[in-house]
Amino acid sequence: MAFKVIKPGLMALIQDLGRHGHQSIGLTTGGPMDEMAFRWGNALLDNDPNNTQIEITFGMLTLEAQADTSIAITGADLATSLNGKSITPWQTYAIKKNDVLTFQQPVWGLRAYLAVKGGFLCQPVLGSVATVVREKLGGLTGKGDKLQKGDWLEYKASSEHKQRAVPRSAIPDYSQTDIPLVLSYQYQSFSSMERAHFFSSDFTVSSNSDRMGYRMEGNAITSDIKGIISEGIAYGAVQIPKDGQPIVLLRDRQTIGGYPKMGCVTSYGGGILSQKKPGDVIQFTPMTVDQAEHERHLKMARLNQWR
Amino acid sequence: MSQIDASTLPSIDMVSDHACLLTFSQVINETVSNRIAQLTHHLKRLNGVVDLVPSYTTLLVVFDGDHYDRFAIIKAIRHVITNIDPNEPLQTDCREIVIPVYYGKEVGPDLSDVSNHCQLTEEEIIQRHSETIYRAYAVGFTPGFAFLGNTPNELHIPRKNTPRLKVPIGSVAIAENQTAVYPSVTPGGWQIIGRTPLNLIDWGSENLALIAMGDSVRFEPISRDEFLVLGGQLDGF
């Protein structure tokens, strides 16, 4: 049983929590750009945390159900409708055979997550279904393809449905503009003046942003060093290339690189950033490792207690 | 107990809430690279470690911050480092790899530029390039792309001013003191001097990538006919 893809959308990708353990050969992880939204989707349906979902960027996607099931929608509000009737994200919906689900375009945020009871059924490659278009890996075909018209998104039919919604206070605020960053890597190679500059400036999300990295436009930040010996790049690393315009490296990032880095945005902050569109303005806020760990544990505890 | 000198212990710095960077040295050399390869091998088995990114002088350790405490992880890493048997063969799973290369102008369009820049004949370039045993200092850029060093001094040449938009699969190239093989079609600015018929990356194989960090690599010149028999393709330029 399956959803049939009537309109494929701008970029709808099969994702799980990512392909881990292969970065030593240069293979990136992939995975959901907004991890908390993804985790809530599976929690709402009592799924395994790693069950396969669809990450819908921007919208323009129409699906038709071939069997009954229960779904959860989290993340952005993409002007979604069920059989023509408008519905809101961060809750579950019962799906009947022949129902039509449509995601139009962003009202709030950029990426929505569609989870189905039991997860979408998809053959993993190297232990994960995560689609990485650049590396031609994962997804329905195993070759990194985004959803195409006529694709079948298989699931196990189920008539069981629980009406559930994420508590309002646990829903992230996508209008938040401060993105927390842990100072690390080469931050000491930036003078205190440049650091102050970095944390007090507005940066605009460039149109040249994608799942690999978000490019920022703003006052150029200069480092006392031009390059470093190439080293491993952690999720959220903020690289400052020669032109001084920061690049936040996200799920599909390259594994190693030789530009100085200011630190890493937190996984929660990276999720918020991933919901921003070109032209949106953000600021970076310094955070200690302690605070970042604390923030993550609180969000995870909230989710796990609710489960 | 091992005879570990405290000055050779890597520094360990948290870079985010779920990753720490081990820095072994500020200079690139074979001893440092051996130690990183060895520790990478040992840390693969440590509970809570999700991913490892070894490079020239550093090792990034990504761990499961939801289930493991960072202080406990760092303590466990230190424990592994200080308990490595000093008599253990240094590279536990490093191999020696021979890569056949057809050094011809039709697949190595930068051979004449390299020849002019280095003041060597094309034959001399091929000889110098293939008589050296290289070491894989890092793997990255794209899956399976191994940074191999060091090329002989006479072969040092800067990257091209304008990178090519599409470098064909299997292209063998040099830049600065490094050489590499392009595992997939990507943009690239290195000087291309030949091509191998071997697959550098195979998602169906056990190792996935032909070359891993720490491996020794040698290039072996083959003729145009041998290249074609081995399945080499001449297209792409």
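Numbers restart at 1 for each chain; the letters A, B, ... are given by sequence-line order, proteins then strands.
Residues passing the side chain to side chain donor-acceptor pair (under 3.5 Å) test with N51(A), sequence neighbours excluded: none.
Residues I256(A) and A138(B) share a closest heavy-atom pair of CD1-CB, 4.0 Å. Closest of all the heavy-atom pairs between V15(B) and V182(A) is O-CG1, 4.1 Å. Of all non-hydrogen atoms in H22(A) and L208(B), the two that sit nearest each other are ND1-CD1, 3.5 Å. A pairwise comparison of heavy atoms in D17(B) and T266(A) identifies OD2-CB, 4.3 Å as the closest pair.
Counting heavy-atom pairs closer than 4.5 Å to chain B, the top residue among T255(A), I229(A), T288(A) is I229(A). When each of R296(A), M300(A), Q254(A) is checked for heavy-atom pairs under 4.5 Å with chain B, R296(A) comes out on top.
Only the side chain of I201(B) comes within less than 4.5 Å of a heavy atom of chain A; its backbone N, CA, C and O stay farther away. Proximity to chain A (any heavy atom under 4.5 Å) is shown, for M14(B), by both the backbone and the side chain. L52(B) touches chain A through its backbone: at least one of N, CA, C or O sits under 4.5 Å from a heavy atom, while the side chain does not.
Put simply, OG on S184(A) and CG on L21(B) are 9.0 Å apart, with the number rounded to the nearest 0.5 Å.
Identified by a heavy-atom distance below 4.5 Å to chain A, contributing residues of residues 179-199 of chain B are lacking entirely. Proximity to chain A among residues 140-178 of chain B is limited to G140(B), F141(B), T142(B), P143(B), G144(B), F147(B), judged by heavy-atom separations below 4.5 angstrom.
Panel note: side chain H20(A), backbone V62(B); no donor-acceptor pair is recorded below 3.5 Å.
Residue pairs meeting the side chain to side chain donor-acceptor pair (under 3.5 Å) criterion with at least one member in residues 228-237 of chain A, sequence neighbours excluded, are Q186(A)-E231(A), E231(A)-K261(A).
The side-chain heavy atoms of V53(B) and I233(A), taken from C-beta on, include no pair separated by under 4.5 Å.
Salt-bridge formation is detected for the pair D290(A)/R70(B): a Lys NZ or Arg NE/NH1/NH2 atom is positioned less than 4.0 Å from an Asp or Glu carboxylate oxygen.
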